Amino acid sequence: MALHSRFLVRSAIQRLASRLLLKRGLNAHITDALRAVAGADNVSTSTGVREQHGKDESYYQCKPPDVVVWPQNVEQVSKLAAICYANSLPIIPYGTGTGMEGGVVALRGGVCFNLTKMNKILELNTVDFDVTVEPGVYRKTLNNYLRDYGLWFPVDPGADASLCGMAATRASGTNAVKYGTMKENVINLEVVLADGKILYTAGPKRRFRKSAAGYNLTNLFVGSEGTLGIITKAILRLHGMPESILSAVCTFPTVQAAVDCTVQILQYGIPIARIEFLDDVMMDMCNKHSNLNYAVSSTLFLEFHGTEKSLVEQIEATGSIVGHIGDGNFHCLLSIDPEDKDEKRRMKEFVDRLGRRALALHGTCTGEHGIGLGKQQLLTEEIGAVGMQVMREIKAVLDPKHIMNPGKILQSI
């Protein structure tokens, strides 16, 4: 029997056993084992806590885990994962719950690992421009810590998300034009695998600027959305804080004119930090919401980073040329009633059409936020059958019982 077929049969049997166990509720033996590792105060089965951990900022319905645990260190994460693995219990890693694709929804119950109590900044290397953080360290907390050193971590998805959660979802944001996304700014990861083994994706404590050594395991886990392992430590690339920051707002008669200007700015090689585009409808909404008086027209918001002299040159070059559009992202804000099934259906149809339009232009169905629950079919269309088979086989090796955040990225099997 082929590897994929064996995996399907084995996974189906294990999931059935897991569901039968969860229908009866986690038995005292398992709950006691979790408490013995994390401490009684760091294990909760209360309805309110479980429901809090069963939903993110997406519209997907809350599906709570059966129990929530708060590990204090990687050794506890490893032992807790081993307990789950031995009992075929799903594992759902949880950072801040700010995801947009249902990544923390516990489709099959199981154990939610809330990693916020692992919140130490472990090591800062100001000469090599890198920092080591635990998963409970948030983006703003890190940048407040770095301010006195003249350094910062520029990946900004908008929300004050946890940094390891940002790695797990391959976060991007408004600064990606100049500084890149999480993919370009993660050097090494410590990951607890499904069975409790601890993996260092680039080797223990390695923090090199570049490497050509073997497969790129780090980028395998950046964007894995908790389906391959639990990220318990990240070594991140830092950048020098810019001496000066200037912003500009430019209006255009049409969307095409704004897009053409963006292309020209990038073609001229101007080292711009952010380029954000808002259409006339969004500008009108912003004016009404914040009592502003911007022109209701296609508008670019630009931000320049550098020395005072270099900023003058950048701005002069951009007046002469007269989303996160700078790195190709496209966002739509859709307001729906989650209880209205027809609205949800029409919204889903629109999102699918939008994703397929991006694919038709040789783009991707998701520039950030990941796949989660909502874009699994689009991922299949983007990657193709062979790519999806390879992904499934990778997951079968790293997560043979299919317990790591099941039902996310890969369609249910």
Side-chain angles (χ1 to χ4, degrees), residues 129 139 152-158 166 169-186 209-210 219 222-223 236-283 286 294-333 354-370 382:
F129 285 57
R139 177 179 62 84
W152 73 316
F153 185 72
V155 181
D156 178 5
M166 288 168 59
T169 56
R170 200 183 301 155
S172 181
T174 57
N175 284 320
V177 186
K178 183 178 178 69
Y179 301 100
T181 69
M182 287 301 289
K183 180 172 71 71
E184 289 79 30
N185 289 284
V186 176
R209 299 296 293 178
K210 63 177 182 177
N219 276 352
V222 174
L236 305 173
R237 192 182 313 281
L238 301 178
H239 298 259
M241 191 177 295
E243 178 183 312
S244 298
I245 297 176
L246 287 178
S247 300
V249 180
C250 303
T251 60
F252 298 85
T254 64
V255 172
Q256 188 63 53
V259 172
D260 290 343
C261 178
T262 302
V263 172
Q264 292 178 49
I265 290 172
L266 298 176
Q267 287 176 338
Y268 271 56
I270 297 171
I272 197 163
R274 309 183 200 229
I275 312 178
E276 296 292 303
F277 170 76
L278 280 70
D279 66 8
D280 54 346
V281 176
M282 183 58 72
M283 288 303 300
C286 290
Y294 285 114
V296 180
S297 181
S298 297
T299 304
L300 291 181
F301 289 81
L302 305 100
E303 188 170 283
F304 305 86
H305 294 182
T307 64
E308 291 185 7
K309 183 178 180 180
S310 70
L311 291 187
V312 172
E313 294 174 348
Q314 292 178 39
I315 292 171
E316 286 180 351
T318 306
S320 65
I321 289 175
V322 176
H324 318 310
I325 191 169
D327 70 326
N329 252 24
F330 184 83
H331 290 290
C332 287
L333 299 181
L354 185 65
R356 291 189 173 102
R357 177 68 62 87
L359 295 179
L361 295 171
H362 310 295
T364 177
C365 66
T366 173
E368 56 186 357
H369 303 306
E382 178 173 334

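Quick caveat: nothing in here was measured; it's all calculated off a predicted structure.
Counting heavy atoms from C-beta outward, C286 and Y294 have side chains that stay 4.5 Å or more apart.
Considering all non-hydrogen atoms of both residues, D156 and N175 come closest at CB-ND2, 4.0 Å. Here the closest heavy-atom approach between residue F304 and residue A248 is recorded as CE1-CB, 4.2 Å. Of all non-hydrogen atoms in C250 and L302, the two that sit nearest each other are SG-CD1, 3.7 Å. Counting all heavy atoms, side chain and backbone alike, M166 lies closest to P157 at CE-CD, 3.6 Å. Shortest non-hydrogen contact noted between F153 and R237 is CD1-O, 3.4 Å. The heavy-atom pair separating F129 from G240 by the smallest distance is CE2-N, 3.7 Å.
Distance check: T262 OG1 to Q267 CD gives 11.0 Å after rounding to the nearest 0.5 Å. Atom-to-atom distance recorded for D280:CG and T254:OG1 is 10.5 Å, nearest 0.5 angstrom. Residue I275 holds its CD1 atom at 4.5 Å from CG of L266, rounded to the nearest 0.5 Å. In this structure, the separation between CZ on F277 and OG1 on T299 is 7.5 Å, given to the nearest 0.5 Å. Note that CG of L236 and CZ of R139 are 13.0 Å apart. Values are rounded to the nearest 0.5 Å.
Identified under the salt bridge (charged side-chain N to carboxylate O under 4.0 Å, His left out) test for residues 355-364, with sequence neighbours left out: R356-E381.
Residues forming a side-chain hydrogen bond (donor to acceptor under 3.5 Å, both in side chains) with E303 (at least two apart in sequence, or on another chain): R274, H305.
Side-chain atoms of N219 never come within 3.5 Å of backbone atoms of V222 as a donor-acceptor pair (strictly under, hydrogens ignored). At least one donor-acceptor pair closer than 3.5 Å links the side chain of N185 to the backbone N or O of Y179. Between the side chain of T364 and the main chain of G367, no donor-acceptor pair closer than 3.5 Å is present. Judged purely by atom type and a 3.5 angstrom limit, S298 uses its side chain to pair as donor or acceptor with the backbone of V255. A distance-only check finds no donor-acceptor pair linking the side chain of T169 to the backbone of H369 [under 3.5 Å].
Side-chain atoms of Q264 and D260 include no donor-acceptor pair closer than 3.5 Å.
The 12-atom threshold is exceeded at CZ of F301, counting heavy atoms of other residues, nucleotides or ligands nearer than 6.0 Å.
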